[in-house]
Every structure is written in C-alpha cells, then in structure tokens.
Number of protein chains: 2
Amino acid sequence: MANAGPVRSVKKVSAEVQAADVLRESIVSGRLPPGMKLTEIKLSEQLEVSRATVRTALHQMAQEGLIVQVPYTGWTVMTLTSRDAWELYTLRSSLEALAARLVVERASRSTAESSMVKERLTKSLKALSAACVGGRKAEIAEADFALHKAIIALSGHRRLAEQYLKVEQQIRIYIASSDSLVPHPEQIVAQHQPLVDAIVRGDARMAAELSVTHNTEQGEILVGYLREQEARESA
Amino acid sequence: MANAGPVRSVKKVSAEVQAADVLRESIVSGRLPPGMKLTEIKLSEQLEVSRATVRTALHQMAQEGLIVQVPYTGWTVMTLTSRDAWELYTLRSSLEALAARLVVERASRSTAESSMVKERLTKSLKALSAACVGGRKAEIAEADFALHKAIIALSGHRRLAEQYLKVEQQIRIYIASSDSLVPHPEQIVAQHQPLVDAIVRGDARMAAELSVTHNTEQGEILVGYLREQEARESA
DNA sequence: TATTTGTCGATTGTCAGACAAGACATGATG
DNA sequence: CATCATGTCTTGTCTGACAATCGACAAATA
C-alpha cells in the first residue's frame, strides 16, 4: 500500500473493475471530497470508457457505500455525519469481536495454525509500531488498518471480510478528510498490544471484549469530533 | 405482510428495481433453484426489459449474495454449502446481538421508546405464536424472520439493517430448499420468549447472549443437516 | 408581494443493435 | 492418450439515441 508497484503487469482486469478501482481510490484518498458531484458522461470521458461501463462502476461504489445516487439527478460522493460514524464504529466493533473469537478458535485447532496466527499478528503489530516511530499520520493509519484487517483475514470468514471491507472503506473517508483523527502514536501500540496478546494467548472472551472497547473508544472520539464540527457549521 | 394492499397505486418504481424484485422473489421462493443458470438475453425477454436493465438487476442480486457470476460464462443461482451456512449463522448471530444491545439502550432512554419497543416485540412474538398454532411451516418461518427483523429495525441502525438483510436473504435460500429446516413449533416460542423478555426487561448482556446462543443453535442444526446431505451426495 | 405554474437545461433511465473477448465443449491430430 | 485447433455460447463493452425526471428560474396570477 505504501509503495505502489510501477506496473500492474500481467493480471488483466476488466474495464469495469479498473474504473471502479480508480473511483474508489480517488474517494478514499480524498481527491474526490465528500459532497462532490459526479456525472456519468464526464467520468466516461475522463476514464475513457463508455457510459455503460462507468454506470456499473458507479453502482458498485454506491453499493460499497462510497457514493450516493439521487434518481434522475446525479451521483455524489458520500458525506458522512456523526451518526454515520456511530453506525460504522458500532458495526465494526461487532464484526471485529466476532473475528477475534474466530481467530482464537482457529488457533486452538493446531499448533501450525496457532503459530501462523501468532506470526502474522506480531508482524502486523511490529509494522504498526515502526510506523508510529516514523510518525507520519498516513502511514500510521495504514498500518492500523492493516492490523485490524489481518485479524479479519485470519478468521477465514469470507462474508465477514466482505462486510468489514465495506465498513473500513467508509471509515477511510473520514481519515482522508482529516488526519487529526489518527490517534497519538504513543497510544496506538498500547491500545493494540493487549488485543493481540489476548488472541495469541487464546483468550477469546477477552479478545472480543478488547475489540469492542477499542473500537468503541475510537468511535467515540470520532463521533465527538464530528459533533463539534457539525455544531460549528450549523452556527 | 399478511394482507397485501389491493393496489400498489401511486408509487412508480423503475424497471431496474422491478426486475431485481422479480428475480429476488423467484430465488428466495425457490422457484429458481440453486445452481440454476441464468442468461441475460433470456431474462431480458422474459422480463420484457433490455439487456442493460437486466444486467444491473443481476449485478445487484450478485451483490446481495443471491447469485454468482463467472466472467464470460454466466450467472447461476447461489448454491450454499455447509460452510456458507456456518458463515451466515455466525454473522447473523453477531449482528443480532448488536441489535439487541442497541434496542435495550434505546428503550432505556425514555418511557415512550420503551413502551414502543415492548409493544412491537410482544406483537411479533404473538404473531409467531399464532403461526406455530397454525402449523404451516412457511408461515412459521415467515413469522420467525419477522420477529428477528423487528429487533433489527428497532435498533435504528441503517447499516446494520442493510447487512442483516443480506444475510437473511441468503438464509432464505436454505429454507426454500427444504422446510424441514424450520424448527418444531412447540420449541419456537420457548426459544424466542426469553430473548424478548430480556430486551423488555432491559438486560442488554443477557439479550445479546441469548441472541448468540439462539442463532448458534439454529445454525448448528442447519450445518449438521447440510453436512449429512453433502456426505450423502458425495458418496 | 407572495404563490403558483410553465418552461428549459441537465442528468439519469432505458433501449436497440453491434462487435470483441473470454470460457467451454468438441473433435481432429500428433 | 495428450494436445491443440475450432466453433459456439455468453458476457463485456461500445455507440448512439430517446424518454423520464429533477431543479431552477422565469412568468403569470391572485
């Protein structure tokens, strides 16, 4: 994620998917800001694909919660309120707690699985720690996402991963809009270490609980920040 | 749900949505069985809409997890394995537990909210009870879904409701394929009563726990049934 | 003035038809 | 038997067109 490869090479992907990828990246990176209006024709010109292709890509993005469509009127980049933030963090919290439990269960099945889980999680945690030392917000946020995503991936639950991805992408919209939302580097490792420990230790209950509390805390910070901002704007 | 209004009247819906609705209904009702192959052209003739319109409807159904697409090859109605069942029930379990907690929290905010929650849930439970007396499997399953969905709706969490709907629809594919999966009528009320009680009583922890156990039990029955069936088929 | 009505431009919704591209089955060939 | 050409089916994508709807502004009206 940090160092984009020079060429995508071999893997041929359909124009649909390419268009969707470009759009998604533009949105989660903040290049297309919330509220930005998108029109099919302009996009088809910019992306050099037909309107039909743009359309399917737009529909997919809408499905992913990154844009909204108003019939016969247009598409706009999703604008998220404090309530949306609440929804996203409560949901994320639940999904991660489930994932944490599943990872523990999986690790308890064999020593091979167990050591694999341990290895991946400690690796992600180390990467996060390193990013915190570096101090660059974007990298920290990325490493943070990566750790959480590692837990999800280790759960081996396809639908869970899918739904989680959707939540994550929407959360990225906030991060793109203000990296003051990234917690202080000193706290981050301290926040994640216990969770990883609990999973590695095989304490499912604790792991789930830590997932919930961690996300809830993060969520409350974000919700609070947005509430303030909304109050300021409406004044 | 029971008595459909005489005429849909005013509300005009787009052909896209109509096509999607027809398809969805055909699948969850079992009229289009799992594994059934769908081709865009045939569907466009049957539904009397253009291929483009069918296409967007198909994409949406794929998104909802009801059909799968193999590039350049075709669309088929989703076939679900025992592993899929496991995924669906673990996910459902988590989502419902979250919803239950949120409903309790909401009910604790005002007596008006509280009595509304109580009213809706007891109403749904009574309907379920009545359906059990009736004894018709399809109606029982429907009332069961309705109760669960009522809890979700009462949580007031849009994204949660969306994701839950997706899970529910996929579960319906199983139910459509064999109504032997509907639990025995005598047990059903006994299974749901404690959950409703816990919510009404305001016991969030218990409500969440009951959601999990209830779903897990249901899920294990289904997974077991499917495992047997799969073993029989592979033999 | 305030309110309703009509008109117009912009944008999506839907359509038809065409061709390219990939997947799959079949049969020919070594 | 393995491998490779071949043909067919279906989706992927494009072009261009027209209808339906929305939003805003102007005009008519009370």
Side-chain angles (χ1 to χ4, degrees), chain A residues 7-27 31-79, chain B residues 7-27 31-79:
Chain A
V7 192
R8 192 58 154 291
S9 72
V10 281
K11 180 73 177 197
K12 227 184 269 180
V13 291
S14 63
E16 264 176 24
V17 177
Q18 281 187 48
D21 287 347
V22 171
L23 277 177
R24 189 174 14 249
E25 210 281 323
S26 299
I27 294 171
R31 201 159 36 247
L32 294 177
M36 175 94 177
K37 187 163 184 185
L38 307 174
T39 71
E40 297 178 358
I41 295 181
K42 269 189 197 158
L43 284 176
S44 75
E45 287 165 359
Q46 289 172 11
L47 302 177
E48 295 179 302
V49 292
S50 78
R51 213 187 118 204
T53 305
V54 166
R55 220 153 190 295
T56 69
L58 285 171
H59 270 119
Q60 194 184 329
M61 306 308 298
Q63 202 308 308
E64 292 178 17
L66 294 182
I67 64 180
V68 295
Q69 175 183 38
V70 188
Y72 293 102
T73 300
W75 309 76
T76 58
V77 177
M78 185 78 169
T79 55
Chain B
V7 190
R8 192 61 156 290
S9 71
V10 282
K11 181 74 177 199
K12 228 184 272 182
V13 291
S14 64
E16 264 177 23
V17 177
Q18 281 187 49
D21 288 346
V22 171
L23 278 176
R24 189 173 14 248
E25 211 281 324
S26 299
I27 293 171
R31 200 158 39 248
L32 293 177
M36 176 94 178
K37 189 163 184 187
L38 307 174
T39 70
E40 297 177 357
I41 296 181
K42 270 188 196 160
L43 284 176
S44 77
E45 288 165 359
Q46 288 173 12
L47 301 177
E48 294 179 302
V49 292
S50 77
R51 213 185 122 203
T53 306
V54 166
R55 220 152 190 296
T56 69
L58 284 171
H59 271 118
Q60 194 183 330
M61 307 308 297
Q63 206 310 306
E64 291 178 17
L66 294 182
I67 65 181
V68 294
Q69 176 182 39
V70 189
Y72 293 102
T73 300
W75 308 77
T76 59
V77 177
M78 185 78 168
T79 55

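Computed over heavy atoms, backbone and side chain alike; hydrogens, waters and symmetry mates excluded.
A search for side chain to side chain donor-acceptor pair (under 3.5 Å) contacts involving A:Ser50 returns A:Thr53, not counting sequence neighbours. Here B:Ser26 pairs with B:Val22, B:Arg31, B:Leu32 under the side-chain contact (heavy atoms from CB on, under 4.5 Å) rule; sequence neighbours left out. Considering only residues two or more places apart in sequence or on other chains, A:Ala20 meets the side-chain contact (heavy atoms from CB on, under 4.5 Å) condition with A:Arg24, A:Ala57, A:Gln60, A:Met61. With sequence neighbours left out, A:Glu45 forms a side chain to side chain donor-acceptor pair (under 3.5 Å) with no residue at all.
At the heavy-atom level, B:Leu38 lies under 4.0 Å from the strands shown only through sugar-phosphate atoms.
The distance between atom CD of B:Gln18 and atom P of C:dC15, rounded to the nearest whole Å, is 10 Å. One can place CG of A:Leu58 at 16 Å from C1' of C:dT14, the figure rounded to the nearest angstrom. Summarising the geometry, the separation between NZ on A:Lys37 and P on C:dT12 is reported as 7 Å, rounded to the nearest angstrom.
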Taking only distance into account, with no hydrogens and no angle test, what donor-acceptor pairs under 3.5 Å do side-chain atoms of residues 67-75 of chain B form with protein atoms, sequence neighbours excluded?
unit_1  : atom_1 : unit_2  : atom_2 : d
B:Thr73 : OG1    : B:Pro71 : O      : 3.1
B:Trp75 : NE1    : B:Glu40 : OE2    : 3.2

Identify each atom pair where a protein N or O and an N or O of nucleotides 12-14 of chain D are less than 3.5 Å apart, giving names and distance.
unit_1 : atom_1 : unit_2  : atom_2 : d
D:dG12 : OP1    : B:Gln69 : NE2    : 3.1
D:dG12 : OP2    : B:Arg55 : NH2    : 2.1
D:dG12 : OP2    : B:Gln69 : NE2    : 3.1
D:dG12 : O5'    : B:Arg55 : NH2    : 3.2
D:dG12 : N7     : B:Arg51 : NH2    : 2.8
D:dG12 : O6     : B:Arg51 : NH1    : 3.3
D:dT13 : OP1    : A:Ala15 : N      : 2.5
D:dT13 : OP1    : A:Glu16 : N      : 3.3
D:dT13 : OP2    : A:Glu16 : OE2    : 3.0
D:dC14 : OP2    : A:Ser50 : N      : 2.9
D:dC14 : OP2    : A:Ser50 : OG     : 2.8
D:dC14 : OP2    : A:Thr53 : OG1    : 2.3

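In this structure, CD on A:Gln46 lies 5.5 Å from CG on A:Leu43, to the nearest 0.5 angstrom.
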